[in-house]
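Below is one structure, written out as structure tokens; comments come after it.
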There are 2 protein chains.
Amino acid sequence: MEERTLKSPGHCTGTDHDYDVLQWDTRQGCEVRHILDRVADKWSLLTIAHLERHTLRFSELHRNIQGISHRMLTVTLRQLERDGLITRTIHPVIPPRVDYTLTPLGTTLHTTIQTLVNWTEHHQHEITAARTAYDNRQHNQPT
Amino acid sequence: MEERTLKSPGHCTGTDHDYDVLQWDTRQGCEVRHILDRVADKWSLLTIAHLERHTLRFSELHRNIQGISHRMLTVTLRQLERDGLITRTIHPVIPPRVDYTLTPLGTTLHTTIQTLVNWTEHHQHEITAARTAYDNRQHNQPT
DNA sequence: CGGAATCCTCGCTGATACTG
DNA sequence: CAGTATCAGCGAGGATTCCG
């Protein structure tokens, strides 16, 4: 049973929406963690991006999101589908055809993500600079 | 040399801020990926949250972010420091004392993250519902 | 073509022990 | 107290193969 793969590894019983990042060690805010994990996942993000305004079939996604393995595309699509972020439409034809679309929810997520992307775009140079500075500092005591 | 741990596993030469999530397989937008990785990391996020408006020393963070190992706290702090998100201040006293603070950049990141957290908070029920629905659907053809 | 199951690697992380 | 280094265990993810 691969079913387990989709499920969260732990607890997360809390249905309260009493978010407090400071207590992620408890089960509060646990949802946030998982959403974040989904969103921050390379393939999830890429998939959502590609489905933005498009309906694509498995093979098209596989072709477009180059670098993704057959397996990971399947897994990713499953996760996103389970979370209600994308819709999976099976066309009962003989060469099987399955279409994937972003749900309204998925679209809003994409929009939200954009905020983070914008932040990054806006500050990438600062970060790059910080890294360079840090690295140079470290390189002073090698060997 | 543990130094490698901090560095990115791959390329990321692009300094252009021409973000196109659709081509993360190239080096464009690669930065976004890394920021996202940092941000989505359980401990990074927790650390940033705890440093929000506070200056804390290593032991305090270790105490507060309960569940984090000595090692991971060190690693996390290093990464965040390298990216210029936190500041590390060493007090040359005999029982060593090191303080960590969020940099202005780190603060803005924290704010941005909040957007995502808000989205999650706002849609968690939809997601939970979607998951439940999905899971029930699957449970119908067991064995 | 879309997907599921199996195998196998390898990077992340925690535990532990040692410096300054 | 703060930090580094080493080792071991676990699990995510890639490749491959078979099914519908």
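Here is how names work: the chains are called A, B, and so on, in the same order as the sequence lines, proteins then strands, and each is numbered from 1.
- Both B:Ile90 and B:Leu80 belong to a common hydrophobic cluster when Ile, Leu, Val, Met, Phe, Trp and Tyr are linked at side-chain heavy-atom distances under 4.5 angstrom.
- Per the geometry, CZ belonging to A:Phe58 stands 15 Å off C1' belonging to D:dC19, to the nearest Å.
- At whole-Å resolution of the value, NZ in A:Lys42 and P in D:dA12 are 17 Å apart.
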Under 3.5 Å, sequence neighbours excluded: what are the donor-acceptor pairs made by side chains of residues 105-112 of chain B?
from     : atom 1 : to       : atom 2 : distance (Å)
B:Thr107 : OG1    : B:Thr103 : O      : 3.0
B:Thr108 : OG1    : A:Trp119 : NE1    : 3.0
B:Thr108 : OG1    : B:Leu105 : O      : 2.7
B:His110 : ND1    : B:Glu52  : OE1    : 3.4
B:Thr111 : OG1    : B:Thr107 : O      : 3.1
B:Thr112 : OG1    : B:Thr108 : O      : 2.9

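- Atom P of nucleotide C:dG2 and atom CE of A:Met72 are separated by 18 Å, given to the nearest angstrom.
- Taken from NE2 in A:His70 to OG in A:Ser59, the straight-line distance is 9.5 Å, to the nearest 0.5 Å.
- Separating the CZ atom of B:Arg63 from the P atom of D:dA2 is a distance of 9 Å, rounded to the nearest angstrom.
- Closest approach of A:Leu77 and A:Ile86 over heavy atoms only: O-CD1, 3.4 Å.
- Atom pair A:Leu80:CG and C:dG3:P shows a separation of 13 Å (rounding to whole Å applied).
- Near DNA chain C, meaning a heavy atom under 4.0 Å away, the residues from residues 87-99 of chain A are A:Arg88, A:Pro96, A:Val98.
- For the OP1/OP2 pair of C:dC1 and a distance below 4.0 Å, the side-chain nitrogens and oxygens of A:Tyr100 include no atom meeting the criterion.
- When rounded to the nearest whole Å, the span between CD of A:Glu81 and P of C:dG3 equals 9 Å.
- Contact check, B:Ser59 against D:dA2: a side-chain N or O comes under 4.0 Å of OP1 or OP2.
- Under a 3.5 Å cut-off, the side chain of A:Glu126 and the backbone N or O of A:His123 do not form any donor-acceptor pair.
- If you take CZ of A:Arg78 and P of C:dG3, they are 8 Å apart, rounded to a whole angstrom.
- OP1 or OP2 of C:dG2 sits under 4.0 Å from a side-chain N or O of A:Arg57.
- Across every non-hydrogen atom of A:Ala40 and B:Asp37, the tightest pair is O-OD1, 4.2 Å.
- Contact annotation: side chain of B:His70 to base of D:dG3, donor-acceptor pair present below 3.5 Å.
- Straight-line distance from the CG atom of A:Leu73 to the P atom of C:dG2: 9 Å, rounded to whole Å.
- Shown here are the salt bridge (charged side-chain N to carboxylate O under 4.0 Å, His left out) partners of B:Arg63, two or more places apart in sequence or in another chain: there are none.
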